[in-house]
Amino acid sequence: MGIIDRVVGADKTCRPDKRLRDLIDSLEKTQSTNSFVDYLSYVLRSPNATSIEPFEMFVNVVDLILDNKVDFNDKNYYSILKKAEDIYSCVFDYESKTENFEALSLMYYDYFKTNGVIANNLFDPKLYDLFLDKKCYDNFTKSFLDNVDAYKTYFVSLVGYAIEVRGYFLDETAFSAHLIKVVSRMAKTCNVKLVVEEELRKVEHMAGIYEIDEIVINKAEEQMITARNMLHEAQSILASADSKMAALKQLVSSSSDTIEQICNREIANVDSFAKNARQDLDRTFDEFIDSQKKIVLFEKDVLSAQLVRDSEEKLNEIQRMAHTITGTASAELAKLNMESDEIVRRMQSLVREDEDLKKVLSSAQANKEFIEKIRKIQILNDNNLDFIEANIKQARDAACLSQAPYSEKTVVEAKAQPETALDDDNEIPAVNPLLDQSIPFRNRLDMIMRAKEQMISQGEHFHEMFDDVLIALLENVNPYLVGPSGCGKTYMVGQLAKLLNMEFIDIGYINEEYDILGFQTANGGYSRPNFYRCYKYGKIAFCDELDNGNSRATVKLNSFLVNTENAAYNFPNGERVKRHENFRIIAAGNTAGNGADANYNTREKIEESVQQRLTPVYVGYDNAVEEKIMGEYTDWYHFIVLFRLATDTWEKKNFMSAPGILTTRDAAKIKRYLDNRSFCTEQIIKYEFVQTKDVEYLTFLESVMHEHLAEYEDATPLMDEFSKQVKEAREKGIRG
């Protein structure tokens with residue numbers, strides 16, 4: 001079954017000649033016009049006589065005309081069919097060999113639907129030939145089906161106008177949008193000719209074409225002669241003004257000399273008066289200073305004597321207290337020394353006399369390594385307690401405490417251990433078995449994957465790049481998650497921490513060095529940052545928006561990105577902190593670290609030495625995750641896929657990031673609206689897909705989404721609402 005049969009319907013699978021014969025029999029029973037029946041009978045006898053090729057297409061067109069009984073009645077079936085043949089010759093220049101024949105066939109069939117282009121007599125060959133992209137012509141024509149009467153009224157004028165201005169437009173989308181605007185203006189005024197002339201003049205002006213007739217040129221020459229005469233008059237006036245200005249300048253010069261003499265005389269008088277006043281002021285000030293010195297010297301002697309007396313009394317009191325405290329402390333210290341000597345003597349005697357205690361002390365160091373290995377096994381598998389006890393007994397009997405009692409088979413399943421909050425005064429936690437490099441990598445990975453499968457069975461969703469980031473953590477490298485806002489980077493880090501049974505701290509973007517190293521406080525203390533706690537106590541440090549921080553400060557990360565054995569760092573408080581084996585760094589950013597782009601214009605370039613120590617993992621929007629998020633709302637999921645496909649097309653065409661993209665976070669928000677029934681369909685599309693976007697951008701998205709709508713048919717109602725709101729925004733823009 002070809003494209004024709006698929007379009008018309010799967011139920012019409014019989015031979016075309018058999019279908020045409022059945023249609024003729026049906027028409028004869030309904031007593032249809034003889035001319036139509038005769039023509040169909042003639043074509044049935046001579047299939048090559050019709051201008052519509054192939055023959056299946058001719059039969060399908062007849063079937064569509066008969067089905068459209070709302071617009072095509074029995075009286076004009078024949079004329080409609082002849083018009084279909086005429087339109088066929090316009091649409092298919094080379095019949096079935098025409099390029100994009102199947103796509104044009106879909107558009108051709110669509111013309112015969114109820115209240116369609118043919119029924120409303122809206123097809124014009126001249127207008128059709130103006131469009132190279134026939135899909136654009138199809139969308140343009142359908143935009144007027146809601147207001148057919150107005151379109152028919154101005155149809156002839158519009159076609160003539162379109163032919164005149166077609167050469168001024170390279171982009172066909174802009175051309176169709178301009179024609180829609182012109183029709184809207186025609187509908188608002190009764191003077192169609194005036195609208196056509198004004199719009200044609202605007203288009204010519206946009207192209208740099210201006211019409212200047214001989215009358216205008218003569219008028220301009222007259223104005224130039226008048227301007228030249230006025231210039232001569234102005235020059236004579238200017239010459240007269242220059243002579244008057246010279247006389248005025250001479251008058252001002254003589255007046256200035258007189259004024260200068262008067263001013264100099266007055267200045268001399270003022271200087272003499274000021275000099276006398278200054279001398280009087282200096283004399284008075286000196287007398288005042290002398291009197292105040294005498295008063296201060298007298299009071300100084302009195303105050304000094306009083307201060308000396310008070311200081312001596314206070315010093316004597318402090319000395320008495322110091323003697324008392326010193327004596328008491330000396331007595332207590334002597335007493336403590338005597339008691340401590342007695343305690344040490346008794347302990348030494350006890351150790352010498354107790355043989356069992358000697359054995360315990362001598363084997364304590366040997367047991368330490370064995371106990372640590374037993375602890376690891378117990379954490380990894382609580383079900384192997386019997387096995388551990390047997391190994392302990394065997395090890396003690398054989399006195400082989402230095403051998404590890406576990407093998408690869410004992411690493412079976414990790415039990416969830418509660419992560420306790422660690423303050424600076426707590427002891428350093430043990431190594432997480434899932435990150436212990438001494439345990440085979442594959443055993444640890446298999447345990448985590450089993451836990452992941454259990455979470456999936458409970459409804460958890462994982463990003464397609466989750467496993468790559470997990471392996472990077474197990475291999476003790478530093479993943480850098482690169483992806484747009486809202487794609488689930490932070491959520492992924494939370495899932496990793498949950499599976500690894502660890503705590504992660506979001507330290508944010510790094511603005512200053514003290515965000516990593518901390519700082520000394522004014523009172524001599526040390527303010528420990530979250531990064532210090534992660535490094536010392538073995539947590540995940542999540543450096544979000546690394547490309548938004550201070551590149552000079554992020555260089556300090558270099559010392560912590562080197563994951564060598566026994567790595568350590570000297571923090572500003574003087575403490576040399578050993579890197580905990582559980583410590584991991586996960587960085588994230590919206591760019592690859594090479595600087596700002598169109599969407600993230602404040603980002604800085606990450607220093608090259610830092611980039612070399614990071615493993616970039618590109619985390620984009622995962623449709624599979626969004627499909628699981630939307631659940632039973634498949635129509636909304638398909639609409640989201642359509643919308644993102646359109647924004648991706650815009651990015652490829654314009655070589656830049658699309659504005660107003662839909663994120664995974666937005667998909668979860670839409671799911672919440674639908675579950676809570678808080679916003680209706682109209683409100684969700686308005687707030688999440690339409691608002692804050694340019695009309696031309698929305699028109700482009702709508703066009704691309706319509707092209708792919710057949711692949712996601714259940715999203716059609718949502719697409720209709722979206723198209724409705726885009727149309728309202730476009731009309732509002734035209735009216736504005």
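Note that the structure is a prediction, hence the values are computed from the model and not measured.
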**Request:** State whether the side chain of Lys489 and the backbone N or O of Asn590 hold a donor-acceptor pair below 3.5 Å, judged by distance alone.
**Result:** no
**Message:** Given Phe639, which partner from the list Phe689, Tyr712, Tyr633 fulfils the ring pair (Phe, Tyr, Trp, His ring centres under 6.0 Å) test?
**Reply:** Phe689
**Message:** If the test is side-chain contact (heavy atoms from CB on, under 4.5 Å), which one of Leu662, Leu718, Thr664 qualifies with Ile640?
**Reply:** Leu662
**Asked** Do Phe462 and Asp467 come within less than 4.5 Å of each other through their side chains, counting heavy atoms only?
**Response** no
**Asked** Would the number of heavy atoms belonging to other residues, nucleotides or ligands and lying under 6.0 Å from NZ of Lys693 be above 12?
**Response** yes
**Item:** 4.5 Å side-chain heavy-atom contact, Phe55 and Leu20
**Value:** yes
**Message:** Between Lys669 and Asp666, is the salt bridge (charged side-chain N to carboxylate O under 4.0 Å, His left out) condition met? List the steps.
**Reply:** CA-CA 5 Å; Lys669 184 166 50 175; Asp666 295 330; 3.7 Å; yes
**Asked** Does any N or O in the side chain of Tyr168 come within less than 3.5 Å of the main-chain N or O of Leu200, such that one atom is a donor and the other an acceptor?
**Response** no
**Item:** Heavy-atom side-chain proximity of Leu481 to Val493 below 4.5 angstrom
**Value:** yes
**Message:** Check this for me: Lys452, atom NZ, are more than 12 non-hydrogen atoms of other residues, nucleotides or ligands nearer than 6.0 Å?
**Reply:** yes
**Message:** Using a strict threshold of under 4.0 Å (side-chain N to carboxylate O), is an ion pair present between Arg185 and Glu199?
**Reply:** yes
**Message:** Just so I know, are the side chains of Glu626 and His461 near enough to count as touching, which here means a heavy-atom distance under 4.5 Å?
**Reply:** no
**Request:** Consider only side-chain N and O atoms of Asp720 and Ser723, and report whether a donor and an acceptor are under 3.5 Å apart.
**Result:** no
**Item:** Lys/Arg-Asp/Glu bridge criterion (N-O < 4.0 Å) met for Glu198, Arg201
**Value:** no
**Prompt:** So with a 6.0 Å cut-off around CD of Glu608, is the heavy-atom count from everything else above 12?
**Reply:** yes
**Prompt:** Would you call the rings of Phe722 and Phe643 parallel, tilted or perpendicular, where under 30° means parallel and over 60° means perpendicular?
**Reply:** perpendicular
**Request:** Might you confirm whether atom CD of Glu197 has over 12 heavy atoms from other residues, nucleotides or ligands at distances under 6.0 Å?
**Result:** yes
**Prompt:** Within a strict 4.5 Å, meaning less than it, do heavy atoms of the Phe679 and Glu688 side chains meet?
**Reply:** no
**Item:** Intermediate values then yes/no, salt bridge (charged side-chain N to carboxylate O under 4.0 Å, His left out), Asp25 and Arg21
**Value:** CA-CA 6 Å; Asp25 294 340; Arg21 188 179 298 107; over 6 Å; no
**Prompt:** Yes or no on salt bridge (charged side-chain N to carboxylate O under 4.0 Å, His left out) for Asp22 and Lys18, after CA distance, side-chain angles and deciding distance?
**Reply:** CA-CA 6 Å; Asp22 293 341; Lys18 176 64 170 59; 3.0 Å; yes
**Prompt:** Any idea how Tyr697 and Trp650 line up, ring-wise: parallel (<30°), tilted (30 to 60°), or perpendicular (>60°)?
**Reply:** perpendicular
**Asked** When the aromatic ring centroids of Phe175 and Phe131 are compared, is their separation below 6.0 Å?
**Response** yes
**Request:** Return yes if some donor-acceptor pair links the side-chain N/O of Ser41 with the main-chain N/O of Val37 below 3.5 Å, else return no.
**Result:** yes
**Asked** Is the count of non-hydrogen atoms from other residues, nucleotides or ligands lying under 6.0 Å from Lys653 atom NZ greater than 12?
**Response** no
**Request:** Please name all residues satisfying salt bridge (charged side-chain N to carboxylate O under 4.0 Å, His left out) with Glu713, sequence neighbours left out, ordered by chain then number.
**Result:** none
